Amino acid sequence: MRPGCTSLNSSDLSCQEACSTSQSLTSRQSSIYCSGKSLQHASTPAQYIKRRHLRLSTRLEAKKATTASGDVSTIPRPKFGSSAAPQPVHQRQKDEILIELKDVHKAFGSKKILNGVNITIRRGEAVGIIGGSGTGKSTTLRLMAGLLAPDKGEIQILGQTRHGLLADDPELAAQLKLGMVFQNGALFDSLSVGENVGFQLYEHTKMSGPRIAVKVAEALAAVGLSGVEKLLPSELSGGMRKRVALARAIVRDDLHENDEQDVTYDELAAGLDLVAFTVSRTSRDHVRDRPVCALNASNSCMPAQVIMYDEPTAGLDPVASTVVEDLMRSMHDSPDPSMNGSSRRSGITSYIVVTHQHSTIRRAVDRLIFLHEGTVVWEGSVEEFDTCDVPIVRQFASGSLNGPIQYE
Ligand SMILES: Nc1ncnc2c1ncn2[C@@H]1O[C@H](COP(=O)(O)OP(=O)(O)OP(=O)(O)O)[C@@H](O)[C@H]1O
């Protein structure tokens, strides 16, 4: 998967309209443009990102200055109303289908990549997508995320058909938050590690600068990278960049723990690897009326969230891989009986990971989907992966040169 863009969607209607006028853009470019107001003024993605970086740096400086003096009133801060009464709990079915691909086909030019893929992602699942190189795993992830549209077939989100890109369907986007961790971390090169990790807190919360610094330090410590706040991404190894990306995800999660769900993420954010959008006030109110809502511990109605990881442990040493795999697990919600059927507070209900790493398959995944030559050729649990006698699975598991997977 390509690095860079991250904004899967925006619930901002003006943004949607502007996006729909960007006909000449690729889907990836469109989604970059969808992530902020600058889209009307930038004629290329590069220009947009450059301006975005400039704007971000200015805002970060302003935030630091104002929080130092105790004045945060100048920071633009979209906010939901806080007076909404808790909504009734709708018990989610354990086997609720969050995402479904039905007979999905995708080609790039004359090159057919997917030839009728059927995949179902249910609430609570940790799903791995495996298969040979170039077989369409990242493409499948991008289709599920709504960064690509299928040529043929259907993609359903919470039982409703998504037409085109996710950015074209704000109502659906409001009901299922999707995040994506790209292969290379996609950090802002012009921002320090600390600013990258704290980006969302600087941009979307009322936290003071010193408080954010503490949160950033905690997140970096959790991924084994204490003390690197002042470094630039270019000064990090590939593995460190991945861990910084994970640290940023943890900081984001921390927003919920601090009961700051009144924050919107609609401008989140070109260049970020973990893409999360929450909903505008309107669409959030809309979501509240629907049975897809659950009650979390703070009595707020939160849509389900699915995170998609594209090879999160590629290139990492075994210990760093374990750190990342355990982080993925620990950020994943599991149903908590003491919370009336709802889940723990991170809000991440399911995740999907494209991986070649056996350690990741065993440590971070429950169910595997095997793609080969554009279709799903096998599905099963990790235990079945180890014991089944399907030739392609055995070849993949053993790394043998003999079998259905052939490289010329
Ligand atoms: N935007 C694109 N334009 C043209 N071809 C593309 C595009 N994206 C992917 N491809 C092609 O589609 C095929 C599948 O790519 P994809 O990244 O989905 O494979 P993959 O299974 O994730 O591979 P790997 O395991 O090597 O990362 C490749 O041949 C790739 O070159």
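What's counted below: heavy atoms across the whole structure, side chains too, no hydrogens, waters or symmetry copies. Everything numeric here is computed off the predicted structure, so don't read it as measured data. Each ligand, and each atom within it, is numbered from 1 in the order the structure gives.
- In terms of polar-atom proximity, defined here as any N/O pair under 3.5 Å, F108 makes no such contact with ligand 1.
- In terms of polar-atom proximity, defined here as any N/O pair under 3.5 Å, G136 does make such a contact with ligand 1.
- Here side-chain hydrogen bond (donor to acceptor under 3.5 Å, both in side chains) pairs that include residues 386-402, with residues two or more places apart or in two chains, are R362-D386.
- Residue contacts with ligand 1 leave out G131, since none of its heavy atoms falls under 4.0 Å from the ligand.
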For residues 223-230, tabulate all N or O donor-acceptor pairs below 3.5 Å that involve a side-chain atom, not counting sequence neighbours.
residue: E229; atom: OE1; partner: G227; partner atom: N; Å: 3.4

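- If you number the atoms of ligand 1 from 1 as listed, the ones under 4.0 Å from a heavy atom of S138 come out as 17 (O), 18 (O), 20 (P), 22 (O).
- The two atoms that bring F370 and G131 nearest to each other are CE2-CA, 3.8 Å, heavy atoms only.
- For ligand 1, the atoms lying closer than 4.0 Å to a non-hydrogen atom of E311 are 25 (O), 27 (O).
- Atoms of ligand 1 found under 4.0 Å from any heavy atom of K137, numbered from 1 in the order shown, are 18 (O), 19 (O), 20 (P), 21 (O), 22 (O), 23 (O), 24 (P), 25 (O).
- Listed by number with element, the atoms of ligand 1 under 4.0 Å from a non-hydrogen atom of G134 are 13 (C), 14 (C), 19 (O), 20 (P), 21 (O), 23 (O), 24 (P), 25 (O), 26 (O).
- Of all the atoms in ligand 1, the ones that sit under 4.0 Å from a non-hydrogen atom of H356 are 25 (O).
- Listed for the S208 side chain is a donor-acceptor partner under 3.5 Å among the backbone atoms of R211.
- Within the 4.0 Å heavy-atom criterion, the part of I113 lying near ligand 1 is the side chain and not the backbone.
- Taking the six-membered ring where the residue is Trp, F396 and H358 present tilted rings, their angle falling between 30° and 60°.
- Interatomic distance, L176 CG to R162 CZ, rounded to the nearest 0.5 Å: 10.5 Å.
- Distance check: L143 CG to L165 CG gives 9.5 Å after rounding to the nearest 0.5 Å.
- Residue-ligand proximity, K111 to ligand 1, at heavy-atom distances under 4.0 Å covers atoms 29 (O), 31 (O).
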